[in-house]
Amino acid sequence: MFTAFIAATWLGGQVQTSLAQTVSPNEAAKVSPRKESAPRKEAATSDPHTTGFVTGAAQSTEFAIAQDIATTLASGQETGPHGEVALRVLPMVGNGGIRNIIDILSLAGADMAIAPVLLADRLRSTGTLGDIGNKLVYITPLFVEEFHLLARSEIKSLSDLAGKRVNLGEEGSAGAVLGREVLNHLQVKVSESNLTLDSALDGMRKGQISGALLVSGKPVGFLARYAQGDGLHFLSIPYSREMLQHDYLPSTLRHEDYPDIIGDSDSVDTIAIKCALFAYNWPIRSERFPLLELFVQTLFSRFPEFLGDGHHPKWREVNLAALLPGWRRFRPAERWLQQQSGGEAALRKAFGRFLEQKSISNPPDREQLFQDFMRWRERQQGR
């Protein structure tokens with residue numbers, strides 16, 4: 001059963017959600033002053049064995065997932081004479097929103113990032129950062145990120161926040177961009193703050209802030225440590241098909257997710273968005289391409305290790321073979337998945353027929369020739 005579960009997780013269905021809203025001019029101006037062309041990026045040369053992984057804030061589940069990847073993949077590798085490994089994953093704190101995407105496109109040491117699919121779709125469709133369709137690819141869809149709206153004890157419903165000070169997160173984060181939009185859709189006018197989560201929670205304890213929003217995958221360990229005794233609780237965010245069905249998903253926060261905040265028989269309805277692991281589309285002949293290729297091969301082949309109890313439960317939502325409509329997958333990731341689904345067998349048969357036609361019966365370096373053929377095929381597809 002465990003083997004079947006892994007296979008289903010790897011090679012299950014396709015992601016069907018299509019998100020097509022636009023970024024407002026005001027938000028685009030706050031995020032980046034460049035609107036005509038995509039940010040320029042140069043390859044980092046300081047450490048050819050380290051790949052940079054931009055993620056969410058330090059308290060977020062997304063950062064925990066990146067740390068999980070970094071520590072797990074660091075084990076089981078052969079080390080060099082000075083303890084060096086062939087692949088090192090370096091988590092980089094981001095804001096979990098638009099900034100993460102900009103970092104992939106512009107920072108030399110940032111090879112990939114966890115980012116909301118909705119925000120990536122909007123940046124591409126509006127051209128805010130130029131044509132990013134050829135610069136940004138995805139490795140795999142990940143999981144959904146839930147909206148966590150914490151409130152003080154005197155706030156009983158969403159409408160009670162009207163006119164109150166509410167922290168939506170740092171500017172450009174998913175909470176700031178999408179939380180502002182959701183509250184406007186629901187006609188709840190608040191006084192917005194853009195503080196870090198630590199500062200917002202401190203302000204809530206002092207009575208200076210009435211609510212705080214965090215968009216992150218449940219359960220968020222940092223939030224789980226705040227008990228009911230602190231007077232904080234989650235507010236329900238209603239799911240309206242008329243307003244939100246093309247952009248958001250319905251979700252629920254349960255007692256099992258936050259046993260010290262949500263009662264035994266209680267649950268809190270909320271909304272969620274999908275996130276994915278995006279990467280910079282390094283050219284095949286670049287120095288960074290082989291490193292990112294090694295990362296994909298290592299992560300995908302060791303994926304079953306992340307499904308155990310010692311890792312975050314969000315890993316069990318990940319389907320490596322799921323598709324991201326409108327985006328291209330990083331070529332080595334696509335090739336790995338094809339190999340697992342029988343694509344490699346077909347290619348090997350075709351390669352064998354090619355050798356026969358060339359009267360090459362059994363070359364001693366057949367495997368090396370096949371790998372050269374696969375790399376040549378990737379270059380042809382990348383033209």
Side-chain angles (χ1 to χ4, degrees), residues 31-32 34 38-75 77 84-117 119-120 123 129 132 135-143 145 169-177 194 196-198 214-217 220-222 275-282 286-296 298-299 306 311-312 314-315 318 330 333:
V31 172
S32 173
R34 297 177 64 101
R40 298 182 61 184
K41 184 181 179 82
E42 295 181 359
T45 58
S46 57
D47 189 345
H49 305 295
T50 299
T51 180
F53 193 129
V54 185
T55 181
Q59 305 94 336
S60 68
T61 291
E62 291 66 42
F63 187 80
I65 290 291
Q67 283 188 310
D68 214 0
I69 292 174
T71 54
T72 301
L73 298 192
S75 64
Q77 294 191 52
E84 68 273 17
V85 294
L87 173 65
R88 180 186 177 211
V89 179
L90 180 64
M92 306 167 69
V93 176
N95 68 6
I98 293 174
R99 185 76 249 173
N100 284 24
I101 301 170
I102 295 175
D103 285 344
I104 303 180
L105 296 172
S106 58
L107 290 184
D111 297 297
M112 53 191 160
I114 296 176
V117 175
L119 295 183
L123 287 174
L129 299 175
I132 65 174
K135 294 181 177 293
L136 195 66
V137 290
Y138 76 99
I139 292 175
T140 180
L142 291 175
F143 42 80
E145 300 172 299
E170 296 178 77
E171 197 60 67
S173 67
V177 178
N194 298 112
T196 64
L197 183 59
D198 279 323
L214 175 66
V215 180
S216 187
V220 181
F222 183 77
C275 70
L277 180 55
F278 289 96
Y280 189 76
N281 191 23
W282 290 111
S286 71
E287 294 180 356
R288 304 300 294 175
F289 184 92
L291 181 62
L292 203 53
E293 180 178 32
L294 176 60
F295 169 82
V296 168
T298 308
L299 175 66
F306 295 97
H311 300 280
H312 198 283
K314 275 295 181 183
W315 279 110
V318 178
F330 183 51

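Taking every heavy atom of both residues into account, Glu145 and Pro116 meet most closely at OE1-CG, 3.8 Å. Contact between His311 and Phe306 at its shortest, heavy atoms only, is CB-O, 3.4 Å. Of all heavy-atom pairs spanning Arg99 and Ile102, the tightest one is NH2-CG2, 2.9 Å. Between Leu107 and Met92, the shortest heavy-atom contact is CD1-CE, 4.5 Å. Closest approach of Ala174 and Leu119 over heavy atoms only: CA-CD1, 4.2 Å. Shortest non-hydrogen contact noted between Pro141 and Ala276 is CA-CB, 3.9 Å.
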| task | Take Ile65 and Thr55 through the side chain to side chain contact (heavy atoms under 4.5 Å, CB included) test and state the conclusion after the steps. | result | CA-CA 9 Å; Ile65 290 291; Thr55 181; over 6 Å; no
| message | Assess the residue pair Phe278 and Asn100 against the criterion (side chain to side chain contact (heavy atoms under 4.5 Å, CB included)); give the C-alpha distance rounded to whole Å, side-chain angles, the decisive distance to 0.1 Å, and a yes or no. | response | CA-CA 10 Å; Phe278 289 96; Asn100 284 24; over 6 Å; no
| Verdict with reasoning, Phe295 to Asp111, per side chain to side chain contact (heavy atoms under 4.5 Å, CB included) | CA-CA 11 Å; Phe295 169 82; Asp111 297 297; over 6 Å; no
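Atoms CG and OG1, from Leu299 and Thr140 in turn, are 8.0 Å apart once rounded to the nearest 0.5 Å. In this structure, CG in Leu136 is found 5.5 Å from CG in Leu105, a value given to the nearest 0.5 Å. Here the straight-line distance linking atom NZ of Lys314 with atom SG of Cys275 works out to 8.0 Å at 0.5 Å rounding. Going from atom OG of Ser60 over to atom CD1 of Ile114 covers 8.0 Å, rounded to the nearest 0.5 Å.
Considering only residues two or more places apart in sequence or on other chains, Asp68 meets the salt bridge (Lys or Arg N to Asp or Glu O under 4.0 Å) condition with none of them.
For the side chain to side chain contact (heavy atoms under 4.5 Å, CB included) with Met112, the lone residue among Thr51, Asp103, Val54 that qualifies is Thr51. Here the options are Tyr138, Phe53, Phe330, the test is side chain to side chain contact (heavy atoms under 4.5 Å, CB included), and the partner is Leu277; only Phe53 passes.
Aromatic rings from Phe63 and Phe222 are positioned such that their centres are separated by 6.0 Å or more.
Side chain of Ser286 to main chain of Trp282: no donor-acceptor pair is present (N/O by atom type, distance under 3.5 Å, no hydrogens or angles). In this structure, Ser216 contributes its side chain and Thr61 its backbone to a donor-acceptor pair below 3.5 Å. Using a distance-only test at 3.5 Å, with no hydrogens or angles considered, no donor-acceptor pair links the side chain of Asn281 to the main chain of Val137.
Between the side chains of Thr196 and Glu170, no donor N or O sits under 3.5 Å from an acceptor N or O.
Within the 4.5 Å cutoff, the side chain of Leu87 has no heavy atoms near those of the His49 side chain.
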